[in-house]
Amino acid sequence: LDNKKYVWNGIRVRIGIHNGHADSEENPLTGRFDYFGTTINKAARIESASAGGLILITKEVLTDLSEDDLELLQNPIIIPYGHIKLKGVAEGAEVSGVLPKILGNRQHELVIAAHKTDILARKMSLSSSGSKQLRIGLKAGCATVAHVKLILPYSRTAGMMTALSVILSNVEFSADRTNGVISYQCNDSLLVTWNAGKKCKSHSNQAIRFANILYIKMRCSSFRVTVGIASGEVLYGVVASDKRRFATTVGSCL
C-alpha cells in the first residue's frame, strides 16, 4: 500500500494487445476457432515484452480508442514507451503501457522487458565499442568477486523471504568486516566485490576471510548457502544512461 492506495496486490500478470487481420480455423476437436497470422504473433510478442502488472498496447490499439472508450475505462494512465524491438517481428512496434489510475504509482517500479534487454546490451558493449556516454565513470582494474547463493529445499520455499533476510544480514556483516561491497542482489543470489569501487590491497585474502566469517555466522542458522570466489580483470563504476545511474561491475570473473 502507498498513500492508502493499492500498488501491488495478488498475482502479477502481463497482457499484450494488438489489432489487425487474423486467419481463423475451426478446431475439429473442440469445435472452437483457432487464430493465426501476424496479428496473433505480434500480440504474443507484445505480451512477452511487457512486465508483470502492466497492460502493453500497440499504437494501432491506442489510435482506435476514442474519448468515450477511455472514459468507459475510467481514464487510465497511458505510459508511452516508444518504439521497441520484437523477436520475430522485423518492424518492431510502437507501444504504450496502460494502468488504472488507482495503480498509478506502479509505473515508477515498472521496467518493460524490452528496456531491460536494451540496458543489458549496452552494458555488454562497454568493453568493446560501447557509446562514449555510457563509458563515463568506468575504470579497469583487478578485483575479486564472491557469488553467494541461497540453498533452500523445495519443501521450504514458503520461508524464502525469511531466509533471504537472514542471509542478507549475515552477508552485509561479513562484507563490512572484510572491506567488501555488495554490488548485486537478485532473488536468491548476491555478488560481493573487493577492490572494485572501494580500494582493497589484499582483495583475494579478504574474500577468503569473508567466506570464513560468513560460514561462522551461518553455522548457527538452519539455512545454507554456497559461495564461489574468483579474481580477474573487471570494469567497474557508475553507468549513466538517460536520467538513471547504474552501479555496475563487468568482467569474466563474475
Side-chain angles (χ1 to χ4, degrees), residues 1-24 30 32-123 157-162 164-165 168 184-188 239-247:
L1 291 175
D2 184 43
N3 296 328
K4 298 183 179 179
K5 291 184 178 181
Y6 285 105
V7 177
W8 298 107
N9 185 36
I11 298 174
R12 302 184 190 185
V13 298
R14 60 191 189 195
I15 299 174
I17 303 176
H18 179 54
N19 64 5
H21 176 76
D23 299 319
S24 61
T30 64
R32 300 177 179 178
F33 282 92
D34 294 330
Y35 295 89
F36 309 91
T38 56
T39 299
I40 308 303
N41 180 56
K42 196 168 186 177
R45 298 306 182 188
I46 293 293
E47 175 271 320
S48 297
S50 186
L54 178 68
I55 301 171
L56 205 60
I57 64 175
T58 59
K59 179 181 178 181
E60 292 81 357
V61 175
L62 183 60
T63 302
D64 283 350
L65 290 174
S66 65
E67 291 186 6
D68 291 338
D69 293 329
L70 293 174
E71 187 175 348
L72 184 63
L73 296 171
Q74 298 180 349
N75 296 310
I77 295 173
I78 307 297
I79 311 166
Y81 284 112
H83 190 274
I84 64 172
K85 296 179 181 179
L86 298 172
K87 183 178 180 181
V89 181
E91 69 277 13
E94 188 171 334
V95 299
S96 298
V98 181
L99 281 175
K101 279 190 175 180
I102 194 173
L103 301 176
N105 288 327
R106 184 179 294 183
Q107 64 181 304
H108 304 300
E109 303 178 26
L110 290 169
V111 179
I112 63 174
H115 285 188
K116 288 181 180 179
T117 303
D118 185 48
I119 290 169
L120 177 61
R122 283 183 279 180
K123 282 185 178 180
T157 53
M160 177 173 285
M161 296 306 298
T162 301
L164 287 175
S165 177
L168 182 59
Y184 174 83
Q185 190 276 321
C186 182
N187 295 332
D188 58 351
V239 176
S241 173
D242 299 326
K243 295 182 180 180
R244 298 188 178 187
R245 295 171 68 83
F246 301 91

Rounded to the nearest 0.5 angstrom, the CD1-CG distance for Ile84 and Leu56 is 5.5 Å

Value for CD1 (Ile55) from CD1 (Ile15), rounded to nearest 0.5 Å, stands at 4.5 Å

One should read off an interatomic distance between Asp34 CG and Asp23 CG, to the nearest 0.5 angstrom, of 12.0 Å

Ala93 and Leu86: which non-hydrogen atoms are nearest, and at how many Å? CB-CD1, 3.6 Å

What distance separates Arg14 CZ from Ser48 OG, expressed to the nearest 0.5 Å? 5.5 Å

If you compare all heavy atoms of His18 against all heavy atoms of Val61, which two are closest, and at what distance to 0.1 Å? CA-CG2, 3.6 Å

Where is the tightest heavy-atom contact between Ser96 and Pro80, given as atom of each residue plus distance? OG-CA, 3.9 Å

To the nearest 0.5 Å, how far apart are CG in Leu54 and CD in Glu47? 11.0 Å

Tell me, with the steps shown, if Ile17 and Ile46 meet side chain to side chain contact (heavy atoms under 4.5 Å, CB included). CA-CA 7 Å; Ile17 303 176; Ile46 293 293; over 6 Å; no

State, without any angle test, whether Thr38 and Asn41 hold a side-chain donor-acceptor pair at a distance under 3.5 Å. no

d(Leu72 CG, Gln74 CD) to nearest 0.5 Å is 8.5 Å

With side chains defined as the heavy atoms from C-beta onward, is the minimum distance between Val98 and Ile78 less than 4.5 Å? yes

Does Arg45 reach the main-chain N or O of Lys87 with its side chain, forming a donor-acceptor pair under 3.5 Å? yes

What is the minimum heavy-atom distance between Arg12 and Gly53, and which atoms define it? CB-N, 4.0 Å

